[in-house]
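Everything below concerns the one structure shown next.
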Protein chains: 2
Amino acid sequence: MSLSPLVETFVLHFGEMGGRWGVNRTVGQIYALLFLSDRPMNADEVVEALGISRSNVSMGLKELESWRLVKKKHLPRDRRDYFETPADVWDILRILAEERRKREIDPTLSMLRDVLMEPPATAQDAFAQTRMRDMHEMIELLTDWAEDVKRLSDTDIRNLLMLGSKVVKLLQVKSALVGMGRADSTPSGGA
Amino acid sequence: MSLSPLVETFVLHFGEMGGRWGVNRTVGQIYALLFLSDRPMNADEVVEALGISRSNVSMGLKELESWRLVKKKHLPRDRRDYFETPADVWDILRILAEERRKREIDPTLSMLRDVLMEPPATAQDAFAQTRMRDMHEMIELLTDWAEDVKRLSDTDIRNLLMLGSKVVKLLQVKSALVGMGRADSTPSGGA
DNA sequence: TTGTTATTTCAGTAATTCCTGAAATAACGG
DNA sequence: CCGTTATTTCAGGAATTACTGAAATAACAA
């Protein structure tokens, strides 16, 4: 691995983190490398930078493409494939959220809906279903919210985050002024 | 594995999901089993329910305790350890967020701060640092926000989520009324 | 077509992770 | 103390996952 110490630190760290996020070390490293690069890189450059086999790089890039975390790019007089990551970190977050939703959340929600349809055979099963119902409700709230926030501009998201839980206070004031007991009764909705 | 079909479906699903979340299949299964149980279970009952070795259960429970996702409980005339999960799904979410922050986010932030201190040796390094700075800023915004929201009551969180991005509209109205250009200038703060 | 370069696939192996049974430790009651 | 029961540790083996080199495929130029 022939990288500046700065880049190497970051790349190695993301290699480790990859493991905890369901991708293997080299996939994490490839992603980190491309993220820090100021220009698209081709597969051989990745091989050279990380000291792993050409075939491994090919597989890693393919996986990252399936996550939409890297995109192919072509340079004018060059037949080789070049790769780059989205530049904006908020875009990256959006993409990651969408992909994880598709791969983990949606199948889980669907599985929960299925088992919640079943008539409980025992008291145990009935109890299990109440827990599953709670979980289903929570996940649905979270994903609907995420879907909603996703459409905001970067700056709107930043403002929203910076406000944090102060929003709640604000809502309470609003409810008081308008004279409603609750903050809002219609869940989710357009941007 | 001798479980009702209902529970079995859920347990197997969480076993699979475990892999994507940095814990192994059996740890996911043990957690799922305890989550659905209407009473604390001891290790032998888990062995019986999941058909895995006693030692494996011991290790799995230990890992789940380290995540604070299960707690030991003792029954009156019984020397054995019993285990249960927090009942409230929002608590579970809070705990999960805290633990993942401690294990993944904080070390990443610390590593980013370190490399951002280094004077860049090359133009490449300088560019890499701008990317790292973006990432650092985003992660910090997100974690401060999460820290802030964590302190809210379940119902406040639910209201906040149900509002979704409508909050932004509301803020714009508020800014207009009060005559400020921005929503708020002091990031984070108490509940 | 043929030759050249780029990329992917995949069988075999290396490396890692997971699981088990056996042994050690601990926590009691008598 | 001893005997019993509960739990943990851990070395070794089983299972899984990751990686490589070689061969196949693809994409092009001449």
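Since this is a predicted model, take the numbers as computed values, not measurements. Residue numbering restarts at 1 for every chain, and letters A, B, ... go by the order of the sequence lines.
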* Between residues 66-84 of chain B and DNA chain D, which residues have a heavy-atom gap below 4.0 Å? -> R79(B), R80(B), D81(B)

* Looking at W145(A), does the NZ or CZ of R158(B) lie under 6.0 angstrom from its six-membered ring centre and within 45 degrees of the ring axis? -> no

Tabulate below the donor-acceptor pairs under 3.5 Å that side-chain atoms of residues 18-26 of chain B make, not counting sequence neighbours, or state none.
unit_1: N24(B); atom_1: OD1; unit_2: T26(B); atom_2: N; d: 3.2
unit_1: N24(B); atom_1: OD1; unit_2: T26(B); atom_2: OG1; d: 3.0
unit_1: N24(B); atom_1: OD1; unit_2: V27(B); atom_2: N; d: 3.0

Could you go through residues 112-119 of chain A and list every donor-acceptor pair under 3.5 Å that involves a side-chain atom there, pairing it with any protein atom two or more places apart or in another chain?
unit_1: R113(A); atom_1: NH1; unit_2: H136(A); atom_2: NE2; d: 3.4

* Asked: Excluding sequence neighbours, so at least two apart, what forms side chain to side chain donor-acceptor pair (under 3.5 Å) with E147(A)?
  -> R101(A), K150(A)

* Can you list the residues that meet the ring pair (Phe, Tyr, Trp, His ring centres under 6.0 Å) rule with F35(A), with sequence neighbours excluded? -> none

* Asked: Does D125(A) have any side-chain contact (heavy atoms from CB on, under 4.5 Å) partners at least two apart in sequence or in another chain, and if so, which?
  -> P120(A), A121(A), T122(A), S4(B), L6(B), V7(B)

Between the protein and nucleotides 16-20 of chain C, which nitrogen or oxygen pairs come in under 3.5 angstrom?
unit_1: dC19(C); atom_1: OP2; unit_2: N24(B); atom_2: ND2; d: 3.4
unit_1: dC19(C); atom_1: OP2; unit_2: T26(B); atom_2: OG1; d: 2.9
unit_1: dC19(C); atom_1: O5'; unit_2: N56(B); atom_2: ND2; d: 3.4
unit_1: dT20(C); atom_1: OP2; unit_2: S53(B); atom_2: N; d: 2.9
unit_1: dT20(C); atom_1: OP2; unit_2: S53(B); atom_2: OG; d: 2.8
unit_1: dT20(C); atom_1: OP2; unit_2: N56(B); atom_2: ND2; d: 3.2

* So do E16(A) and H13(A) actually touch side chain to side chain, heavy atoms under 4.5 Å? -> no

* Hydrophobic cluster partners of Y82(B) (side-chain heavy atoms under 4.5 Å) -> L75(B)

* Asked: Just how large is the angle between the end axes of the helix from dT1(C)-dA30(D) to dG30(C)-dC1(D), five pairs per end, to 10 degrees?
  -> 20°

* Structure fact -> Bounded by its outermost nucleotides with an atom under 4.0 Å from a heavy atom of chain A, the footprint on DNA chain D reads dA18(D) to dA27(D)

* Looking at residues at least two apart in the chain, or sitting in another chain, which of them share a salt bridge (Lys or Arg N to Asp or Glu O under 4.0 Å) with R131(B)? -> none

* Side chains of Y31(B) and T85(B): does their closest heavy-atom pair fall under 4.5 Å? -> yes

* Asked: Is there a side-chain contact (heavy atoms from CB on, under 4.5 Å) between E84(A) and R39(A) once you walk through the steps?
  -> CA-CA 7 Å; E84(A) 66 182 358; R39(A) 58 182 177 77; over 6 Å; no

Show me the donor-acceptor pairs, under 3.5 Å and distance only, between side chains in residues 51-64 of chain B and residues at least two apart or in other chains.
unit_1: S53(B); atom_1: OG; unit_2: S55(B); atom_2: OG; d: 3.3
unit_1: S53(B); atom_1: OG; unit_2: N56(B); atom_2: N; d: 3.1

